[in-house]
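The structure displayed is predicted, hence computed values, not measured ones. One-based numbering along the sequence shown.
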Amino acid sequence: MLKKGIGLTEDKTENDQIFLLSVPAGEDSLAHRRHVCSRVIPQSQFSLTNWLDPEKVFGRKAPLHVDLGCGDGSFLCALAQRLPNKNFFGIERLSYRVRAAARRAGSLNNVWLLQIESSYAVRYLLPARSVETFYLLFPDPWPKRRHHRRRIVTSDFLKSVHAGLEQNGMIYIATDHLDYFRKIEDITRSALGFARVEPAIDLPPSRFGLIFSQKGATIHWLALRKISPVT
């Protein structure tokens, strides 16, 4: 479900399906409360099985940044405001977080939200060599051993990231969980087509980043740059 806003209705026809996408107006306006539909995107162009076309979605050609697990959109929207010449996808699975992000993104023309699992979007929906930068900030560490298989960072995930990145594109990963960070380092060391670089970055704080920093937790950063094809 590709969403600019927080309202979503479905209109089924005999051979197709369309999604009506809502853009939030002002918080106190009647339009906001009614979730007035503003865009119609046919599923034949944007679906769970077809590659997205970022240029059509945003109505312009610009470098694409993707926030995987964008949460309430605080980081995503702050960065989009800072970089208006770039396009931003926020990908989030949980509906209540998507609604919160949509409220923040309502006035930003360079932000769209996609409600789906991040790993699925990276593997099946983002075209090859379409992304300038991925951000994976504070993914669920699933600390119990029996849950480790649910962690997003795997060799297959990095292959999908590599395919989606432009040459010299970047992925930034942040976590407060040291054991998970060490496991991510182990996986990335064996990943082909990436070079680890110094994460000398000036990024807006995310919600979880602020929470963990206020608790005195150490934030571990990893930056990878695409350097060659994966065969």
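- Inter-residue side-chain proximity for Asp67 and Phe134 is flagged as unmet; no heavy-atom pair is nearer than 4.5 Å.
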If you apply the rule side-chain contact (heavy atoms from CB on, under 4.5 Å), what do you find for Leu114 with Leu125, and how did you get there? CA-CA 10 Å; Leu114 185 63; Leu125 299 183; 3.9 Å; yes
Steps toward side-chain contact (heavy atoms from CB on, under 4.5 Å) verdict (Tyr180, Asp140): CA-CA 9 Å; Tyr180 188 24; Asp140 194 329; over 6 Å; no
Please walk me through it: do Asp72 and Arg104 pass salt bridge (charged side-chain N to carboxylate O under 4.0 Å, His left out)? CA-CA 8 Å; Asp72 67 356; Arg104 294 179 185 273; 3.5 Å; yes
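- The CD atom of Gln167 sits 7.0 Å away from the NE2 atom of His162 when rounded to the nearest 0.5 Å.
- Taking the six-membered ring where the residue is Trp, the centroids of Tyr135 and Phe75 are separated by under 6.0 Å.
- Here Trp51 contributes atom CH2 and Ser130 contributes atom OG; the two are 8.5 Å apart, rounded to the nearest 0.5 Å.
- Contact check for Ile91 versus Val66: side-chain heavy atoms found under the 4.5 Å cut-off.
- Between Glu185 atom CD and Leu178 atom CG the span is 8.5 Å, to the nearest 0.5 Å.
- Environment of CZ in Arg150: crowded, with over 12 heavy atoms of neighbouring residues, nucleotides or ligands closer than 6.0 Å.
- Residues Pro63 and Asn87 form no side-chain contact, since every pair of their non-hydrogen atoms from C-beta on lies 4.5 Å or further apart.
- Residues Pro141 and Asp179 have side chains not in contact (no heavy-atom distance under 4.5 Å, counting atoms from C-beta outward).
- At a threshold of 4.5 Å between side-chain heavy atoms, the hydrophobic network of Ile, Leu, Val, Met, Phe, Trp and Tyr places Val122 and Tyr120 in one connected group.
- A donor-acceptor pair is defined here as one N or O able to donate and one able to accept, closer than 3.5 Å; no such pair exists between the side chain of Glu117 and the backbone of Ser119.
- At least one donor-acceptor pair under 3.5 Å links the side chain of Lys226 to the backbone N or O of Leu165.
- By the side chain to side chain donor-acceptor pair (under 3.5 Å) test, Lys86 pairs with Glu132, sequence neighbours left out.
- For Arg182, the CZ atom counts as loosely surrounded, since its 6.0 Å shell holds 12 or fewer non-hydrogen atoms of other residues, nucleotides or ligands.
- In this structure the side chain of Leu113 reaches within 4.5 angstrom of the side chain of Cys70, judged on heavy atoms.
- His220 pairs by the ring-ring contact (aromatic ring centres under 6.0 Å, His included) definition with Phe181, not counting sequence neighbours.
- Using a cutoff of 4.0 Å between basic side-chain nitrogens and carboxylate oxygens, Arg129 and Glu166 are not scored as salt-bridged.
- A heavy-atom distance below 4.5 Å is found between the side chains of Met170 and Val197.
- His148 and Arg151 are linked by a side-chain donor-acceptor pair at a separation below 3.5 angstrom, with hydrogens and angles left out of the test.
- A search for ring-ring contact (aromatic ring centres under 6.0 Å, His included) contacts involving Phe88 returns His65, not counting sequence neighbours.
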Report the C-alpha distance between Phe194 and Thr188 in whole Å, list the side-chain angles of each, state the deciding distance to 0.1 Å, and finish with yes or no for side-chain contact (heavy atoms from CB on, under 4.5 Å). CA-CA 8 Å; Phe194 287 105; Thr188 58; over 6 Å; no
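- Note that CG of Leu52 and CG of Leu126 are 6.0 Å apart. Values are rounded to the nearest 0.5 Å.
- The CG atom of Leu64 sits 9.0 Å away from the OG1 atom of Thr133 when rounded to the nearest 0.5 Å.
- Between the side chain of Gln115 and the backbone N or O of Arg93 there is at least one donor-acceptor pair closer than 3.5 Å.
- For the side chain to side chain contact (heavy atoms under 4.5 Å, CB included) test with Gln81, the passing option among Asn110, Val111, Leu76, Leu108 is Leu108; the others fail.
- The distance from atom CG of Leu222 to atom CD of Glu198, rounded to the nearest 0.5 Å, is 10.5 Å.
- For Ile152 against Pro139, the heavy-atom pair with the smallest separation is CG2-CB, 3.9 Å.
- Using a 4.5 Å heavy-atom threshold, the side chains of Phe138 and Asp176 count as touching.
- When all heavy atoms are compared, the tightest approach of Asn168 to Arg225 is OD1-NH1, 3.0 Å.
- No path of Ile, Leu, Val, Met, Phe, Trp and Tyr side chains, each step under 4.5 Å between heavy atoms, connects Leu94 with Leu68, placing them in separate hydrophobic clusters.
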Step by step, work out the salt bridge (charged side-chain N to carboxylate O under 4.0 Å, His left out) result for Arg189 and Asp186. CA-CA 5 Å; Arg189 272 193 286 267; Asp186 288 343; 2.4 Å; yes
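- Residues Pro54 and Pro127 meet the side-chain proximity criterion, which asks for heavy atoms closer than 4.5 Å.
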Taking it one step at a time, do Leu136 and Phe157 satisfy side-chain contact (heavy atoms from CB on, under 4.5 Å)? CA-CA 12 Å; Leu136 181 63; Phe157 170 76; 4.2 Å; yes
